[in-house]
Protein chains: 2
Amino acid sequence: MKSNEIKDAALKYFTMHGYEGATLSQIAEEVGMKKQSIYAHFKGKDDLFLHVLRDAKETELSSKLQYFSEIDSQNPEKDLYGFLQLVIDLFQKNEQIKFWLRMSFFPPAHLAKAIDKEVIDIEEKVQAILESKFQDWIDAKLIVGDTAKMPTLAFLGVVDSILLELVYGNDEERQKYKLEASWSVFWRGIARH
Amino acid sequence: MKSNEIKDAALKYFTMHGYEGATLSQIAEEVGMKKQSIYAHFKGKDDLFLHVLRDAKETELSSKLQYFSEIDSQNPEKDLYGFLQLVIDLFQKNEQIKFWLRMSFFPPAHLAKAIDKEVIDIEEKVQAILESKFQDWIDAKLIVGDTAKMPTLAFLGVVDSILLELVYGNDEERQKYKLEASWSVFWRGIARH
DNA sequence: TCTCACTTTACGAACGTTCGTAAGTTATGA
DNA sequence: TCATAACTTACGAACGTTCGTAAAGTGAGA
């Protein structure tokens with residue numbers, strides 16, 4: 001399917017150079033065609049971008065939902081650390097997550113609204129699941145705290161900081177160490193002791 | 001000084017639209033001149049960008065260094081929380097920090113090397129100071145831990161996650177709550193108890 | 001099985017626009 | 001008078017997009 005090849009190339013260049021920095025010529029050349037041919041598959045640059053965005057959203061969301069459906073939820077330490085590992089894993093082997101991250105935080109101005117809607121949609125879903133898990137753990141006295149919202153937001157913060165470190169990512173040793181540091185302190189911050 | 005006005009406008013557009021998305025025409029118009037007049041002050045787009053970058057770096061660095069020189073260092077809880085407040089404050093009233101953040105993580109490809117050098121320079125300095133503070137606090141048994149590196153990196157992670165939330169920033173209530181959540185969990189994670 | 005109409009895909013050429021950049025000219029102020 | 005800074009005008013290159021056209025693929029009817 002040529003459309004998918006185009007989307008793959010577009011994903012790559014949008015991720016590397018941002019919306020404005022990516023050109024249809026580059027994308028077309030990567031696929032082995034002229035930029036005009038892209039218009040046989042997509043209405044234009046915006047249309048192509050939004051298709052890539054929705055694919056990325058689906059990947060991001062389904063990966064995370066799947067993770068939560070698989071865990072037994074009786075071991076918060078394992079479950080949460082596993083989620084961090086999942087995020088790192090996705091980031092490293094899946095260009096879509098990098099794309100998603102970049103566009104979440106620095107969207108092209110004229111598409112900001114459309115992007116925001118998708119971002120908020122995912123965010124709410126993930127946060128809701130996470131919050132219910134934390135509530136279970138609190139009720140089961142596996143972690144401390146009265147409301148589930150606090151550890152949830154703190155954990156999402158850890159996820160963000162790890163993602164940022166991965167984006168920045170020139171020192172792999174530092175990445176590992178920073179992940180461990182953030183995780184250790186976070187876990188001590190919510191664990192019973 | 002017209003050069004400064006140009007840099008101010010450039011800062012604004014580089015921050016909003018990124019390097020590729022910002023145009024010299026827009027910048028010139030903001031200042032009230034033609035884009036060709038910019039060349040009376042700067043060699044070109046790259047030159048203007050690098051000037052803005054260096055100004056931003058200086059602001060970022062001097063603000064943080066000044067903070068550390070002012071604190072008494074005997075109260076880690078107050079000192080660290082104060083640093084978070086400083087970062088938020090800087091971010092909200094100073095466009096340069098937003099610019100700095102965007103360019104740190106998503107630099108224009110052909111200037112990535114130059115930008116990286118500056119970013120690493122600041123990062124190392126801030127980390128070094130922070131690490132020595134943490135070491136003092138550990139020695140004084142004000143916080144737990146054997147090595148200072150772990151709480152340092154974890155704290156830098158908290159800073160990053162807060163910055164990201166500010167960049168994203170459509171829900172101010174959520175921002176405050178997330179800051180409190182990240183901070184509370186972090187502090188409990190390193191505090192003696 | 002062959003043909004005819006239709007759709008899909010690709011591309012050369014060109015559109016209008018904007019980009020960053022340059023040279024030459026005019027006004028301002030020391 | 002002599003810089004300096006802003007202006008006007010201009011340029012090649014690249015941008016996203018459109019048009020017309022040609023080739024390739026598809027399905028139906030005879």
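Throughout, protein chains are lettered first and strands after them, A, B, ... in sequence-line order, and every chain is numbered starting at 1.
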When we call it a touch if two heavy atoms are under 4.0 Å apart, what does [X] touch: a base, just sugar-phosphate, or nothing?
| X | answer |
| --- | --- |
| B/Ser37 | base |
| B/Ala28 | nothing |
| B/Lys35 | base |

A cation-pi test, strictly: NZ or CZ of B/Lys45 under 6.0 Å from the centre of the six-membered ring of B/Tyr19 and no more than 45 degrees from its axis. Yes or no?
yes
Validate the cation-pi geometry between B/Lys133 and B/Phe68: distance from NZ or CZ to the six-membered ring centre under 6.0 Å, angle to the ring axis within 45°. no
Can a side-chain donor-acceptor contact be found between B/Tyr81 and B/Gln85 if the only test is distance below 3.5 angstrom?
yes
- Query: Would you call B/Asp8 and B/Lys12 a salt bridge, taking side-chain N to carboxylate O under 4.0 Å as the test?
  - Reply: no
Atom [atom1] of [X] to atom [atom2] of [N]: distance rounded to whole Å?
| X | N | atom1 | atom2 | answer |
| --- | --- | --- | --- | --- |
| A/Lys43 | D/dT17 | NZ | C1' | 15 Å |
| B/Leu24 | D/dC7 | CG | P | 15 Å |
| A/Met1 | C/dT9 | CE | P | 7 Å |
| B/Tyr13 | C/dT18 | OH | P | 15 Å |
| B/Lys45 | C/dA22 | NZ | P | 15 Å |
| B/Phe42 | C/dA22 | CZ | P | 16 Å |
| A/Glu20 | C/dT18 | CD | C1' | 14 Å |
| A/Ile38 | C/dT8 | CD1 | P | 19 Å |

Counting heavy atoms from C-beta on, name the nucleotide in [options] closest to the side chain of [X].
| X | options | value |
| --- | --- | --- |
| A/Ser25 | D/dC15, C/dC11, D/dT8 | D/dC15 |
| A/Thr23 | C/dC11, C/dG20, D/dG16 | D/dG16 |
| B/Gln36 | C/dG20, C/dA22, C/dA10 | C/dA22 |
| B/Met33 | D/dA6, D/dG16, C/dC19 | D/dA6 |
| B/Lys2 | C/dG20, D/dT18, D/dA6 | D/dA6 |

Practice prompt. Would you tell me if any nitrogen or oxygen in the side chain of B/Lys34 comes within less than 4.0 Å of OP1 or OP2 on D/dC7?
Written response: no
Check your understanding: When you check the phosphate oxygens OP1 and OP2 of C/dT8, does a side-chain N or O of A/His41 lie under 4.0 Å from one of them?
Key -> no
Worksheet item: Please walk me through it: do B/Glu180 and B/Lys176 pass salt bridge (Lys or Arg N to Asp or Glu O under 4.0 Å)?
Response: CA-CA 6 Å; B/Glu180 288 309 321; B/Lys176 279 190 195 157; over 6 Å; no
